[in-house]
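Heads up, the thing below is written out as structure tokens.
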2 protein chains.
Amino acid sequence: MRLIVARCTVEYAGRLETRLPEALRLVMVKADGCVAVHSDGGAYKPLNWMTAPNVIEDNSDHWVVRNPKGEAMTITFHEIFHDSDHVFGEDPGLEKDGVEKQLQELLAASPDVMEPGLTLIRREHYTALGPVDILCKDTAGNTVVIEVKRRGEIDGVEQLTRYLVDLANDPSLGTLRGMFVAQSIKPQARTLAESRGIVCVEVDYDELRGKQSDKWTLFNQ
Amino acid sequence: MRLIVARCTVEYAGRLETRLPEALRLVMVKADGCVAVHSDGGAYKPLNWMTAPNVIEDNSDHWVVRNPKGEAMTITFHEIFHDSDHVFGEDPGLEKDGVEKQLQELLAASPDVMEPGLTLIRREHYTALGPVDILCKDTAGNTVVIEVKRRGEIDGVEQLTRYLVDLANDPSLGTLRGMFVAQSIKPQARTLAESRGIVCVEVDYDELRGKQSDKWTLFNQ
DNA sequence: GACTCTATCTCGGTA
DNA sequence: TACCGAGGTAGAGTC
């Protein structure tokens, strides 16, 4: 990674056009050639950037960075205060815990957390409009269409509603019910869901995880 | 801006939990206290970050960065290879030349690009649910409710549908039609739109811009 | 302050 | 490869 601190101006022409007046900034060049221009302010996001793959044309006082899509960023250097290069090697990468996928897995493994007596039909049931997160059967024999979100907002309810409308055309599923499951559900989303006969369920992720590890322990005893 | 190149491990606990195994990385601390950890690969986005406002607790071999929301990022330094500090001063900031807004302006100026005979009623028509991009009248006297996007995706169709439902309560508008306009429209969005009787129109931005400059030339001759 | 919508969204997955 | 959806989305604008 090359780090350059310099007074510079930057222009970008691609999906939109931008200009950066002359100022002191950090120019960061990563191993794969991607270039980012950072100011010292606010955001973690750079002011301008160009992701790989790209080609850096180094004209010493100014660089032109081009990508295959025809976008170009021009950095003009007026005065350089720092220029260093560092070899990092491969990064082992980020491990994540607590994303929607995991929540879905935990719920599919313990459907009765959402409603007593629920049994799993399948996860990721594909429809023309996209995959339904979880399909279950309830004690009365209805098919329960379940949408899982980390945060329950209005677009999740819309998504579930589309699935319900679409799946109503499949007579093999029998009577349908909708269920909206999230760690927390916004009042607006809850109101909309309930006005459409969709049941809302809030679940606790840590509790779920605990339940899962209990099961695991039990299973291995 | 402080730049530290070091072998480090990072943990984040907040909206989710993440771990970064020991590796060589860049730790960037900006003037407002926000901290970002960059690898040498791919993205302009840092692996981990903490935006301002936050408090950095410096225990020399490890930092704990906390924000008021109760999130925390812990950076443990194992070996430091570079550590420098730079004073940037205020950045004059990024100047942008538009995308969707400009597309909207161009379409409002030439409504017949979307459908022959369309005439503009108004732009940015405010409803309880948010502003309708463009309102037009068609040759049959219907009011056409138009949603403009750069890329036409399914949530844009939902947005337009909400406006249509809401505007149906306004008798002064007469018969309503919906129109979804974008540079490109995804198949799923098109399917959903057409199932709701919403017309889909793809427009070419460069062509539109050309048309506009023709008009401009004509006007100034 | 809460809500809404945009983004050079980015990023990952999958058909 | 294109499409689709999640995101610690962030950030701007509006009510």
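- Of all nucleotides listed (C/dT8, D/dA10, D/dA6), C/dT8 comes nearest to the side chain of B/Lys96.
- Evaluated for a side-chain contact (heavy atoms from CB on, under 4.5 Å) with B/His38, the options B/Arg25, B/Met28, B/Lys45 yield exactly one hit, B/Met28.
- Which of C/dC5, D/dG8, C/dT8 sits closest to the side chain of B/Lys45 comes down to D/dG8.
- Each of A/Tyr163 and B/Asn67 has a nearest nucleotide on DNA chain D; the 5'-most of these lies closest to A/Tyr163.
- Using a 4.0 Å heavy-atom criterion, one finds that A/Met50 contacts no nucleic acid atom at all.
- Toward the 5' end of DNA chain C, the nearer of the two residues A/Thr18 and B/Pro131, judged by each one's closest nucleotide, is B/Pro131.
- Taking the P atom of each, D/dG8 and D/dC4 are spaced 22 Å apart, rounded to whole Å.
- For A/Lys149 and D/dA6, the shortest distance from a side-chain N or O to OP1 or OP2 is below 4.0 Å.
- Counting heavy atoms of neighbouring residues, nucleotides and ligands inside a 6.0 Å radius, atom NZ of B/Lys137 exceeds 12 of them.
- Summarising the geometry, the separation between CD on A/Glu11 and C1' on C/dT8 is reported as 16 Å, rounded to the nearest angstrom.
- Under the stacking definition used here (centres under 5.5 Å, planes under 30°), the residue B/Tyr44 fails to qualify as stacked on the base of C/dT10.
- In this structure, A/Gln188 does not reach the C/dA2 phosphate: none of its side-chain N or O atoms is under 4.0 Å from OP1 or OP2.
- Looking at heavy-atom distances under 4.0 Å, A/Asn48 makes contact with a base.
- Applying the 4.0 Å criterion to OP1 and OP2 of D/dA6, one finds that B/Arg15 has every side-chain N and O outside that range.
- At a threshold of 4.0 Å, the pair B/Arg190-B/Glu202 counts as salt-bridged, since one of the basic side-chain nitrogens sits closer than that to a carboxylate oxygen.
- In this structure, A/Glu194 does not pair ionically with A/Arg196, as no charged nitrogen and carboxylate oxygen lie closer than 4.0 Å.
- One can place CD of B/Gln104 at 15 Å from P of D/dG13, the figure rounded to the nearest angstrom.
- Nucleotide C/dT4 holds its C1' atom 12 Å from the CD atom of B/Glu147, rounded to whole Å.
- Of the candidates D/dA10, C/dT8, D/dC4, D/dC4 carries the atom nearest the B/Pro187 side chain, counting heavy atoms from C-beta on.
- The CG atom of A/Leu94 sits 15 Å away from the C1' atom of D/dA6 (whole-angstrom rounding).
- In this structure a side-chain-to-backbone donor-acceptor pair under 3.5 Å is missing from B/Asp32 to B/Ala52.
- For the P atoms, the distance linking C/dT8 with C/dT4 amounts to 22 Å, nearest Å.
- When rounded to the nearest whole Å, the span between CD1 of B/Ile154 and P of D/dG5 equals 6 Å.
- In a base pair of the Watson-Crick type (N1 to N3 plus N6-O4 or O6-N4) or a G-U wobble (N1-O2 and O6-N3), with each distance short of 3.5 Å, D/dG8 is matched with no nucleotide.
- A salt bridge is defined here as a Lys NZ or Arg NE, NH1 or NH2 lying under 4.0 Å from an Asp or Glu carboxylate O, and B/Asp138 with B/Arg177 meets this definition.
- Atoms CZ (B/Arg151) and P (D/dA2) sit 14 Å apart, rounded to a whole Å.
- The nearest whole Å value for the distance from the CG atom in A/Asp155 to the P atom in C/dC3 is 14 Å.
- Nearer the 5' end of DNA chain C, as judged by each residue's closest nucleotide, is the contact made by B/Gln159, out of A/Pro46 and B/Gln159.
- You'll find that the side chain of B/Lys186 is closest to D/dC3, out of D/dG8, D/dC3, C/dT8.
- Considering only side-chain atoms of B/Trp49, the nucleotide from D/dG8, C/dC5, D/dA6 that sits closest is D/dG8.
- Taking atom CD of residue A/Glu158 and atom P of nucleotide D/dA6, one finds them 14 Å apart after rounding to whole Å.
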